[in-house]
Every structure is written in C-alpha cells, then in structure tokens.
J.: 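Sharing a structure, written as structure tokens. Questions coming.
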Amino acid sequence: MIKSISLKNFTVFQDAHVEFVRGINVVIGANGTGKSHLLKLAYTCASVRNEWERARAGSPQATKADLQKSLAEKLRDVFRPDSLGRLARRGSGRQRADIDVQFFDAPSKKALLAFSFATNSKSEVAVSSIPSESTPAEALFIPTKEVISMFPKFASLYRDYHIEIDETYYDLCLALERPLLKGRRYDTARKLLDPLETTLGGSVNNVNGRFVLNIPGEGNMEIPLVAEGIRKLAMVAYLIANGTLKDKATLYWDEPETNLNPKLLSDLASILLLIAEQGTQLVLATHSLYLMKELDIRLKTSGVLSRFIALGPRDGAVSVSEGNTIEEIEPIAALDAEVELSARYERIDQTSSEPKRSRAV
C-alpha cells in the first residue's frame, strides 16, 4: 500500500508531495493537472516493487541493477514516451526528475523507493533507495476504457506483437486470467460479490476464454452485448471472485465514473466502500462531482479512512491540496463548473420569464 509520493520535475509536477491513507483516496482536478500521471506513477512503483520482492524471495542474488532495469522498463511500458527523459519536466538546460515513494508495510526509513532520471535519459533510472523488510503486495490499475470485452487473446497478442496500448491493459488482462477462488477465501469474497451481482443482475463467468453475464432465468449474455458501464462493474466482480482485489492490495482506478449513470454511480460508491472495508486500498481519479459527493457522504459515517486530493494549476506547474473531506480541499474544478452552469441557467430562466415588450409601429 502506498503511503506518500514526492515528485520533483516529473511531467507537470515541479515540486509536489501527496499523502495517502489505507482506505479510499480520491484525486480530482481539471484536465492536464496530472491525475492519471500520478496514478500511473504510483502503480508503476508499487508493481515493480511487488515483483522485486518476489524476485528477492526466490533469488537472493537479485541486484539493484535488476531493480533499475525493471523500473525503467515499466515506466516506458506504462507511460509510452519516446524516451524516458520525456517524463522529466521541461526547462532551461538539463533537468532531473526525482521520485520518492513511501509504503505502509514497513518502517518509513525501510519502505522508501527513491529514484531519478534526467531529460536526456533514454532508458535508464538511478535508484538511490530500495525498500527492505517487506512482503509483496498486489497492485492493480483499471484504466478509463473497459477491458473485459477485449480480454480474449489480448494478453498473447500483447506479448507477441507491438501494440500501441499502455501496459496497464495487459496487466489487467493477466489479472483476469486467474482462476476463481475456492473454499473459505471464496466465501469471504461472496460478501462483496452479493451486492455487486445484485447491481449487475447476474453473475460473471469465464466460459471457454470469453466472459459472460449469467442472468437468472435468461442464461448467458456475452459481455460485448452488455452496456459498457455494466462491463466495468462486471470486471470488478470477477477480480474480487478470483482474489486479485483482497486485503492489503491497492487498486488504482482512473475515472471509474465513465459510462455510468447516477444510479450506478451510487451503487459504485457503496461497492467501493465495501472493498475498502475488506482491507483494499483505493486510489481513484475522477471528474465526477456526483461520485465525489457520494463517497464523501458515505465515508463520513463509516470507519474507512478517507483522503481527498485536489490538483490545480499554479504558476505553470501543479499545486496539491489535501484533506479528509471535500470541504477541506480546493480547487474543485467540477464544482466550479457546476456553480457556473447553475448561474447561467438561472440567468437564462429569468430572461425567458420576463414579459416581452411589443415594438412600436
């Protein structure tokens, strides 16, 4: 689980520090303020660190050079720049990006992953601190576009051919390939699956490599025939059923509100809260004021820790405002837009209700 991230000269971030909680973290901001970049960077670091811990457990000879190589490759595969140096903030002369990431599951001084690279870096990073005395922790990234309908054969195509799609889609397909849980672990997952399947109107199954929604009394419906918003919830249901979303895992989700109507957004907020209550850390990036408010309302009456993180433009860079509720942060671009729209609507409504004057002949 991610605890904090410090950024210097990384993409749109000149000098920023973001704190996270173990529960639900909501990142908001206008387009271009770096929401997706923040989530992708955190996911990249968590994912590489997870694989590094597994490698060290199986091979004590794993070196810092191996970690540096894996980190550089993952950054390129997730962000897809022409060269790694393109992720460093532009400026006069040679600039250097510095990233420090803290994790929760070890004393802070032993849970730091710190690395850097310069604007002229092709495919190299320099790691200055490696997390130690920790165990592997699952990290998962759900991109804006739904993935479950493109699942069949996608992972093998991605491995064998050059496809201009970032690696978060490939990683997600690998997670969907996992078999279902059984026994007590599946019984625990059912607590989350029951409300999800109520919303979906059925259960999600993998039949011969293709996902279907099994609707009681109607049979199987192929996932491509299901509404896109429902597909996203179906994917979450399957990731719960196969144990990917579990205690101590972290889910990064970019714009979960995409293609969901307000009713489903309300259901989604309930489901996200249930997932967090089971011990999964959530880091969400959203433009939806409705989802922000739904989460804020529910979090205030729950025992789940919450963090709202607002990114905003400032002097050509990005500022960070953090708090435990929406009221503690600014700016909220979605709220500002809603206020402006309401004011425009009122002006038009007042104008249209005024009696029309006749023109003198």
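These values consider heavy atoms only, across backbone and side chains, with no hydrogens, waters or symmetry-generated copies. All values reported here derive from a predicted model rather than from experimental measurement.
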J.: CG of Asp82: more than 12 outside heavy atoms within 6.0 angstrom?
T.: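 Result for CG/Asp82: open.
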J.: Take atom NZ in Lys153; do more than 12 heavy atoms of anything else shown fall under 6.0 Å from it?
T.: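 No, the 6.0 Å shell around NZ holds no more than 12 heavy atoms from other groups.
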J.: With the side chain counted from C-beta on, respond yes when Thr280 and Thr250 share a heavy-atom pair under 4.5 Å apart, and no when they do not.
T.: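 Contact flag for Thr280/Thr250 side chains = no.
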J.: Any salt bridge linking Glu197 with Lys191? Criterion: basic side-chain nitrogen under 4.0 Å from a carboxylate oxygen.
T.: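 No, Glu197 and Lys191 are not salt-bridged.
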J.: Indicate the atoms forming the closest heavy-atom contact of Leu172 with Val147, along with that distance.
T.: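 Shortest heavy-atom separation between Leu172 and Val147 comes out as CD2-CG2, 3.6 Å.
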J.: Enumerate the salt bridge (charged side-chain N to carboxylate O under 4.0 Å, His left out) contacts for residues 159-177, please, sequence neighbours excluded, ordered by first and then second residue.
T.: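 Qualifying pairs: Lys40-Asp166, Lys74-Glu167, Lys74-Asp171.
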J.: Checking the side chain of Arg90 only, and the main-chain atoms of Ala88 only, is there a donor and an acceptor separated by less than 3.5 Å?
T.: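 Present.
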J.: Using the salt bridge (charged side-chain N to carboxylate O under 4.0 Å, His left out) rule, take Arg49 and Glu138 through it: C-alpha gap first, then chi angles, then the decisive distance, then the call.
T.: CA-CA 10 Å; Arg49 183 226 183 183; Glu138 193 80 48; over 6 Å; no
J.: Write down the atom of Ile223, the atom of Ala234, and the distance for their closest heavy-atom approach.
T.: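 What the structure gives for the nearest pair is CD1-CB, 4.3 Å.
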J.: Classify the side-chain pair Ser288/Glu257 by whether it contains a donor and acceptor separated by less than 3.5 Å.
T.: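 Distance-only check fails for Ser288 and Glu257.
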J.: Are Tyr169 and Pro143 packed together at the side-chain level, in the sense that at least one heavy-atom pair is separated by less than 4.5 angstrom?
T.: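 Side chain of Tyr169 against side chain of Pro143, heavy atoms only: contact under 4.5 Å found.
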J.: For the residue pair Asn214 and Asn205, confirm or rule out a side-chain donor-acceptor distance under 3.5 Å.
T.: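 Their side chains do not contain a donor-acceptor pair, so the 3.5 Å distance test is not met.
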J.: Report whether Val21 and Tyr252 are members of the same hydrophobic cluster (ILVMFWY, side-chain heavy atoms less than 4.5 Å apart, transitive linking).
T.: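 Result: no, two separate clusters.
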J.: Measure the acute angle between the ring planes of His37 and Phe79, then classify it against the limits of 30° and 60° as parallel, tilted or perpendicular.
T.: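 Because their plane-to-plane angle is over 60°, the rings of His37 and Phe79 count as perpendicular.
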J.: Is it the case that the side chain of Ser70 and the backbone of Asp66 share a donor-acceptor pair, with hydrogens and angles ignored and the cut-off at 3.5 Å?
T.: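 Such a contact is found between Ser70 side chain and Asp66 backbone.
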J.: Take a 6.0 Å sphere around CE of Met150 and say whether it holds more than 12 heavy atoms from other residues, nucleotides or ligands.
T.: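 Above 12, so yes.
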J.: Taking the side chain as every heavy atom from C-beta outward, state whether Leu7 and Leu41 have any pair of such atoms under 4.5 Å apart.
T.: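 Result yes, sub-4.5 Å side-chain heavy-atom pair found.
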J.: Compare all side-chain heavy atoms of Lys232 with those of Thr258 and state whether any distance is below 4.5 angstrom.
T.: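 The answer is yes, as the side chains (C-beta and beyond) meet within the 4.5 Å cut-off.
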J.: Could you tell me whether a side-chain N or O of Glu322 sits under 3.5 Å from a main-chain N or O of Ile329, the two making a donor and an acceptor?
T.: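 Pair absent, no side-chain N/O of Glu322 close to backbone of Ile329.
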J.: Could you check whether Glu294 pairs with Arg298 (Lys NZ or Arg NE/NH1/NH2 to Asp/Glu carboxylate O, under 4.0 Å)?
T.: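 Counted as a salt bridge, because a side-chain N and a carboxylate O are separated by less than 4.0 Å.
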J.: Aromatic rings Tyr170 and Tyr158: how do their planes relate, parallel, tilted or perpendicular, breaks at 30° and 60°?
T.: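 Correct class here is parallel.
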J.: Would you indicate whether Arg86, at its atom CZ, is surrounded by more than 12 heavy atoms from other residues, nucleotides or ligands within a distance under 6.0 Å?
T.: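 Check fails, neighbour count at 12 or below.
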J.: Can you tell whether the side chains of Glu146 and Arg231 come within less than 4.0 Å, N to carboxylate O?
T.: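 Answer for the salt bridge query: yes.
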J.: Any side-chain heavy-atom pair from Leu272 and Trp253 closer than 4.5 angstrom?
T.: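 Leu272 vs Trp253: side chains touch.
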J.: Would you kindly check if the NZ (Lys) or CZ (Arg) of Arg210 is within the cone defined by 45 degrees around the ring axis of Phe151 and under 6.0 Å from the six-membered ring centre?
T.: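 Geometry flag: not set, cation outside 6.0 Å or 45°.
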J.: Indicate yes or no: at least one non-hydrogen side-chain atom of Met221 is less than 4.5 angstrom from one of Val212.
T.: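 Counting from C-beta outward, Met221 and Val212 never come under 4.5 Å.
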J.: Donor-acceptor pair, Ser266 side chain versus Pro262 backbone, under 3.5 Å?
T.: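 Not a single qualifying donor-acceptor pair exists.
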J.: For the side chain of Asp100 and the backbone of Ser6, is there at least one donor-acceptor N/O pair under 3.5 Å apart?
T.: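 The answer is no, because no donor-acceptor pair under 3.5 Å joins these two groups.
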J.: How many angstroms lie between atom CD of Glu330 and atom OG of Ser321, to the nearest 0.5 angstrom?
T.: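 Here the interatomic distance stands at 6.0 Å.
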J.: Rounded to the nearest 0.5 Å, how far apart are CZ of Phe103 and CD of Gln281?
T.: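 Here the interatomic distance stands at 10.0 Å.
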